[in-house]
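Shown next, in structure tokens, is the structure this report addresses.
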Number of protein chains: 2
Amino acid sequence: MSNLSHGMRIGGKLSGARPTMKDVASRAGVALKTVSRVVNGEPGVTPATATRVLDAIKDLGFRRNESARLLRTGRTSALGFIADDFSDCDTARLCREIEEVAIEHGMLLFTGSTDREPEREQGLAMSLTARRVDGLIILPTPGEHAYLAAEIDAGTATVFVLRPPTGVEADTVLVDERGGARRAVAHLIAHGHRRIGFLGSDPRQYRSRQLMQGYAAAMAEAGLVAEDSWTTLTPQRLADSPVTAVFCAGREHTTAALRALAVPGAGPGALSRPVAIVGFGDFDLADFVRPGLTVVTYDPAEVGRKAAELLFRRLDGEDGLDGLPATSRRVEVPTRLIPRGSGEIPGPR
Amino acid sequence: MSNLSHGMRIGGKLSGARPTMKDVASRAGVALKTVSRVVNGEPGVTPATATRVLDAIKDLGFRRNESARLLRTGRTSALGFIADDFSDCDTARLCREIEEVAIEHGMLLFTGSTDREPEREQGLAMSLTARRVDGLIILPTPGEHAYLAAEIDAGTATVFVLRPPTGVEADTVLVDERGGARRAVAHLIAHGHRRIGFLGSDPRQYRSRQLMQGYAAAMAEAGLVAEDSWTTLTPQRLADSPVTAVFCAGREHTTAALRALAVPGAGPGALSRPVAIVGFGDFDLADFVRPGLTVVTYDPAEVGRKAAELLFRRLDGEDGLDGLPATSRRVEVPTRLIPRGSGEIPGPR
DNA sequence: TTGTACGCGTTATCAC
DNA sequence: GTGATAACGCGTACAA
């Protein structure tokens, strides 16, 4: 029974029900397959019948049900992107770029936020693979990712970004945070700083660990020994610490440092102590911020594009034979140091 | 023929092929429907057989194909969100909130960027409705939206955000940009400004028009007459214009104004002319920017939540009887003025 | 050139 | 309790 028996007719058109190929076929007085041919632009249809079909399609307002088609063909032409939080501007930029590549390949993009909760990540990943997305790009939570092995094995192309996964082998796009921190701290040292702090140390977070390693490397290369109190800094202790410069492991730490050092009521630019601030992650108006803010950044779009390209390389059958995937690739995206005068010991000018 | 005949066995497990309910059924020695019952937690299955089925599911690594299920049930449990550009931080925040509500309702979210191109919007919207998404949230491009009427009529719950659509009636969530601009300009007037400019006037853009109306209202209320040159300001002309304050219609204009007025090489804080700057849209470190930056903002999350709630209200059958939808609602979200000392005529302190 | 029969993986309707 | 069988909307052999 056609669904055209449902829905109500309003002015000859239908409301509340979608016509199917069957409906189009019966209206045009042809077989299902003929409609299919016309819709898919396949050859072997008389212009006359094609016109009849086209008219029926127009009359009925028929639009092919892509879900049904994709069930049949076995592909969904959809990708999933799972990340901590899409309201983070880097993540948003990354997402945008993935989407761009996806569109180029005729694919749509699902998105989901984990809030860094492994359970949420797993829930999202499972929901997406249950829909048989063709590919998955994941900014992994700190948790375990062995649960994805079966899906990858079953054919879901999977790429991790920004953090390496745990318990599973897969293509990964990382950022050279270590190198960035190393150069940033070396920059501070070159400008005369010796007592350099690290704000935002958190061994549980991958990026923080990488940055800390870069910090440690730069200090060691200069023959400097970091005291414990410098590397376990908090915004509260910053004002009373002996450091003359501080490396901040993220935007939230950079702003916290600025606020901690700001003199209440004195207006922007006035610091209670002359501490040079270098942070990971740039800000929109950073060049108008006082004191000067040197930053280390990377290009999220580059990460997104690289990840999407790795994904499509898998999808386009570059993997090995018979489900034995090619060995997983690991790409690293560079960081950039943007000096903004915080190299020197700052002070009111 | 079951697909288990394909794929290669590795250690008793399968690779490259996904087991179906049929496979589970034959392995557990039960009928298809019984598996379905177990998977869906339906009653009427002996604990013994249930266990057999569950074991088979585990052995095979079976995971229900959601696409197939949704084809059968007629719903996709998916929403679509179409916007200008997801790398915009407001859009990203909005998206996050929509996603949050979607997850609460057990739905997944498709996202797509239009870059303000009507063709891209239409392409995305059509792709999404072709997949029969249950709902669509759209930040409309300047183009025509009559093409969506058929989809809305066919049952796709649709909500527009931030800009009203053209050529179609639907639920819409807007921002009180007009009121925001009005209060901001009144604020400047209250602080003694008389020659107030408007930067970023663009009659083609909805927001710009709204802001301009608010600007005009505030000026009129104070008995001030804006000269043409004040309202057709460009960053280049700003430094040589007679205005003592300028209202910027967006972040890009605010930054442009700052850069236009900055004295090269003089460091942040120094302006070539003492112009008070008020802008639409806040910045992360705005309170550390010199000169002070007063802004008008709104909460993107509020827009997202309201939009999603309107959507689900439709979906949960709050519409009228038999496809006659309830009259479309129009919600307005407030704006907020954050004064940061740019009310007074600024100058080097 | 056009049509028939079947399958994709699931749910729904009925029997048994 | 359990199981054939028919849908859902579409693609694809293969026949006519």
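All values below come from the heavy atoms of this structure, side chains included, with hydrogens, waters and symmetry mates left out. The chains referred to below are lettered A, B, ... by the order of the sequence lines, with proteins before strands, and numbering in each begins at 1.
The shortest side-chain heavy-atom distance between A:Thr166 and A:Pro140 does not fall under the 4.5 Å cut-off.
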Stepwise side-chain contact (heavy atoms from CB on, under 4.5 Å) check, B:Thr76 with B:Arg131: CA-CA 8 Å; B:Thr76 53; B:Arg131 286 176 194 241; 5.7 Å; no

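Following rounding to the nearest Å, A:Glu66 (CD) and D:dC10 (P) show an atom-to-atom distance of 10 Å. Nucleotide C:dT10 holds its P atom 11 Å from the CG atom of B:Leu70, rounded to whole Å. Rounding to whole angstrom units, CG of residue A:Leu71 and P of C:dT10 are separated by 9 Å. Rounded to a whole Å, the NZ atom of B:Lys22 is 13 Å from the C1' atom of D:dT5. In this structure, CG of B:Asn65 is placed 17 Å from P of D:dG9, rounded to the nearest angstrom.
The backbone N or O of B:Arg132 lies less than 3.5 Å from no partner atom in the side chain of B:Arg75, so there is not a single donor-acceptor pair. Of the possible donor and acceptor atoms, none in the side chain of A:Thr156 sits under 3.5 Å from a partner among the backbone N and O of A:Ile152.
The ring pair (Phe, Tyr, Trp, His ring centres under 6.0 Å) pairs that include a residue from residues 113-146 of chain B are B:His145-B:Phe160, where partners are two or more places apart or lie in different chains.
Atom CD of A:Glu144 has more than 12 heavy atoms from other residues, nucleotides or ligands within 6.0 Å.
The rotation axes computed at either terminus of the helix from C:dT1-D:dA16 to C:dC16-D:dG1 lie 40° apart, taking five pairs at each end and rounding to 10 degrees.
Using bins of under 30°, 30° to 60° and over 60° for the plane-to-plane angle, the ring pair A:Phe86/A:Phe81 lands in the perpendicular bin.
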Contact state string [nucleotides 11-16 of chain C, B base, S sugar-phosphate only, - no protein heavy atom under 4.0 Å]: BBB---

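A distance of 10.5 Å separates OG in A:Ser113 from CD in B:Glu97, rounded to the nearest 0.5 Å.
Taking only side-chain nitrogens and oxygens, A:Ser67 never comes nearer than 4.0 Å to OP1 or OP2 of D:dG9.
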